[in-house]
Amino acid sequence: MFCAAILFTVALLIICVALYTHKWRHPKSSGRLPPGSMGLPLLGESLHFFSPNSSSDTPPFIKERIKRYGQLFKTSLVVRPVVVSTDPEFNHYIFQQEGKLFQSWYPDTFTEIFGQENVGSLHGFMFKYLKSLVLRLFGPENLKEKLLREMEEKAWGCLASWSNQPSVDLKEAIATMIFDLTAKKLISYDPNESSENLRLNFVAFMQGLLSFPVNIPGTAYNKCLQGRKKAMKMLKRMLDERRASAPRKNGESDFFDHVVEELMKERSIMTEAIALNLIFALLFANFETTSLALTMAIKDSHRPPSRASRIDEHEAIVRNRENPNSGMTWKEYKSMTYTNQVINETVRLANIVPGIFRKALTDIHVKGYTIPAGWSVMVCPPAVHLNPEIYEDPLAFKPRRWDGIDTNGGSQNFMAFGGGMRFCVGADFAKLQMAVFLHCLLTKS
């Protein structure tokens with residue numbers, strides 16, 4: 001009798017597991033789901049998705065599934081059903097339907113890393129409000145009137161300092177340069193006057209950002225969370241000090257001052273959590289993404305004939321100045337046609353953002369398939385940027401492929417800075433930083 005009970009229990013468990021597994025692998029839908037595999041129950045295909053990729057090509061996880069299923073396929077990542085899109089036309093449609101058929105969404109692990117009230121997870125009026133606030137710093141007028149000059153001064157200072165050193169770790173040096181400049185404009189942070197190194201916390205944060213989300217001491221993900229915790233603690237203390245101090249003069253103000261001003265308004269919609277997460281996100285975005293892109297631009301653009309073309313452009317700018325020692329002007333920056341092509345080609349190849357997530361607000365019908373409401377959609381820029389049907393010899397560095405192509409607002413085939421209403425608000429800031437540094441490097445006597 002006892003043995004029969006055990007056998008019955010085991011059989012029942014096997015049936016339950018089998019039913020759950022079948023349900024997991026065949027999710028319900030009002031229409032035909034895109035092809036693909038949901039992987040193992042709960043775990044899905046997360047392990048393969050998060051596996052390291054040392055190549056410069058499309059990640060193997062994506063590339064293998066494109067060959068097997070096509071440009072649209074389903075999977076499961078971190079307990080979420082996801083449809084991955086590598087279709088340029090559908091990607092563009094997703095961006096254009098922001099707030100209508102789709103809304104910005106990121107996995108729970110992302111919100112744990114960047115905070116529950118981060119700019120990527122906010123919608124509607126709140127997102128537009130934060131975007132307008134950020135444009136006070138990164139908008140065209142401030143870039144033209146203030147930041148251009150400050151970027152050039154910083155670049156010249158760093159180049160002079162590096163020239164006195166026997167060797168320089170280029171990626172590390174550029175990351176430090178960009179972080180220091182950005183931190184100064186955002187929160188007036190000066191590493192030489194601080195007892196704590198804010199940037200080191202972001203280094204720890206970055207090392208675990210794309211790791212498998214297991215929060216156990218010693219794992220990269222845990223180190224990532226600890227780096228965020230320490231950075232947020234520093235930012236919180238600095239914010240408290242700023243709120244307690246007297247308002248500063250306009251010439252001394254930074255982005256923190258604008259944030260404090262918003263926090264102190266009566267019935268303000270800005271909260272301390274939103275403010276700190278915003279500062280954290282802006283520091284991270286400029287520190288890691290721009291430094292990586294600029295390092296790649298320097299490496300790739302020194303290949304002939306690219307180097308000769310770039311030197312000619314920048315030397316011509318200096319020759320045409322009334323005073324060769326005068327600083328760069330906005331007009332000169334806008335005349336850097338080839339440099340802009342180099343930047344476009346660099347960020348196309350760099351593919352700094354491996355995926356852009358949205359959530360379907362209603363059932364979406366596309367190319368004979370149905371994406372159920374509530375499912376996540378991941379737009380995959382690398383699969384578009386490295387598609388040989390779109391870019392001939394896609395892994396080759398060919399700046400001239402951008403002749404006559406306008407990419408200021410992104411396009412179906414170019415999503416390095418996102419698209420639609422969430423097109424990266426710091427795109428112009430990043431491009432200017434890269435162009436200014438390259439100009440200083442190539443004209444350094």
Side-chain angles (χ1 to χ4, degrees), residues 19-51 53 57-110 120 210 351 353-390 394 410-415 418-420 422:
L19 289 173
Y20 181 80
T21 301
H22 182 271
K23 183 179 179 181
W24 174 269
R25 292 180 175 176
H26 302 87
K28 290 183 179 180
S29 171
S30 61
R32 180 188 175 203
L33 289 171
S37 170
M38 302 303 287
L40 298 172
L42 298 181
L43 192 59
E45 297 187 303
S46 302
L47 288 176
H48 194 181
F49 179 80
F50 284 105
S51 61
N53 174 32
D57 203 348
T58 304
F61 177 88
I62 302 294
K63 199 167 187 177
E64 291 169 10
R65 283 156 181 76
I66 293 175
K67 290 180 180 179
R68 191 181 307 168
Y69 305 121
Q71 292 185 312
L72 212 63
F73 61 86
K74 69 176 183 291
T75 183
S76 177
L77 303 174
V78 197
V79 202
R80 287 283 305 186
V82 178
V83 170
V84 177
S85 172
T86 66
D87 183 291
E89 185 180 354
F90 184 52
N91 293 341
H92 184 70
Y93 178 75
I94 292 170
F95 291 142
Q96 298 307 309
Q97 293 299 314
E98 171 82 27
K100 300 173 185 176
L101 300 180
F102 300 90
Q103 72 176 24
S104 179
W105 175 91
Y106 283 89
D108 291 342
T109 51
F110 178 92
L210 295 178
N351 286 306
V353 180
I356 302 171
F357 287 89
R358 295 292 185 267
K359 183 171 73 174
L361 298 177
T362 184
D363 285 359
I364 307 296
H365 305 286
V366 51
K367 299 191 174 183
Y369 301 119
T370 297
I371 302 175
W375 275 44
S376 303
V377 179
M378 189 186 94
V379 172
C380 184
V384 176
H385 294 161
L386 301 176
N387 186 340
E389 295 182 4
I390 299 173
S411 68
Q412 290 187 16
N413 297 331
F414 186 66
M415 302 171 289
R422 288 183 182 266

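Side chains included, hydrogens not; waters and symmetry mates left out as well; all remaining heavy atoms used.
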Interatomic distance, CD1@Ile62 vs CG@Asp57, rounded to 0.5 Å, equals 12.0 Å
Interatomic distance, Ile94 atom CD1 to Glu89 atom CD [nearest 0.5 angstrom] | 11.5 Å
Which pair of heavy atoms, one from Tyr369 and one from Leu33, lies closest together, and at what distance?
-> CD2-O, 3.5 Å
For Met378 and Pro354, work out which heavy atoms get closest and say how close.
-> CE-O, 4.3 Å
Mark yes or no for whether Lys74, through its side chain, and Gly36, through its backbone, hold a donor-acceptor pair below 3.5 Å.
-> yes
How far apart are the closest heavy atoms of Pro35 and Tyr69, and which atoms are they?
-> CG-O, 3.6 Å
Are side-chain heavy atoms of Val377 and Phe102 found at a separation under 4.5 Å?
-> yes
Would you check if Glu45 and Phe61 make a side-chain contact, meaning some heavy-atom pair closer than 4.5 Å?
-> yes
Nearest heavy-atom neighbours spanning Ala360 and Pro372 | CB-O, 3.8 Å
Keeping the roles fixed (side chain from Asp363, backbone from Ala373), state whether a donor-acceptor pair exists under 3.5 Å.
-> yes
For Met415 and Pro381 the tightest heavy-atom approach is CE-CA, 3.6 Å
dist Leu386:CG -> Cys380:SG (nearest 0.5 Å) comes out at 9.0 Å
Which is it for Val82 and Phe49 under the side chain to side chain contact (heavy atoms under 4.5 Å, CB included) test, yes or no, and what are the steps along the way?
-> CA-CA 12 Å; Val82 178; Phe49 179 80; over 6 Å; no
Would you say Arg358 and Ser376 make side-chain contact, with heavy atoms under 4.5 Å?
-> no
At what distance, to the nearest 0.5 angstrom, does CD of Gln97 lie from OG1 of Thr362?
-> 11.5 Å
Sub-4.5 Å side-chain heavy-atom contact between Leu101 and Leu361 = no
Side chains of Gln71 and Thr86: is there a donor and an acceptor less than 3.5 Å apart?
-> no
Minimum side-chain heavy-atom gap Arg32-Thr370 below 4.5 Å = no
Would you indicate whether the side-chain heavy atoms of Leu72 and Val84 approach each other to under 4.5 Å?
-> no
When rounded to the nearest 0.5 Å, the distance separating OG1 of Thr75 from CZ of Phe73 is 7.0 Å
Do other residues, nucleotides or ligands put more than 12 heavy atoms under 6.0 Å from the CD atom of Glu64?
-> yes
Hey, does Lys367 have a side-chain heavy atom less than 4.5 Å from the side chain of Asp87?
-> yes
What is the distance from atom CG of Asn91 to atom CD of Gln96, rounded to the nearest 0.5 Å?
-> 11.5 Å
Beyond-backbone contact of Tyr93 with Val366, side-chain heavy atoms, under 4.5 angstrom | no
Report the C-alpha separation of Trp375 and Lys359 in whole Å, then their side-chain angles, then the decisive distance to 0.1 Å, and conclude whether the side chain to side chain contact (heavy atoms under 4.5 Å, CB included) test is met.
-> CA-CA 6 Å; Trp375 275 44; Lys359 183 171 73 174; over 6 Å; no
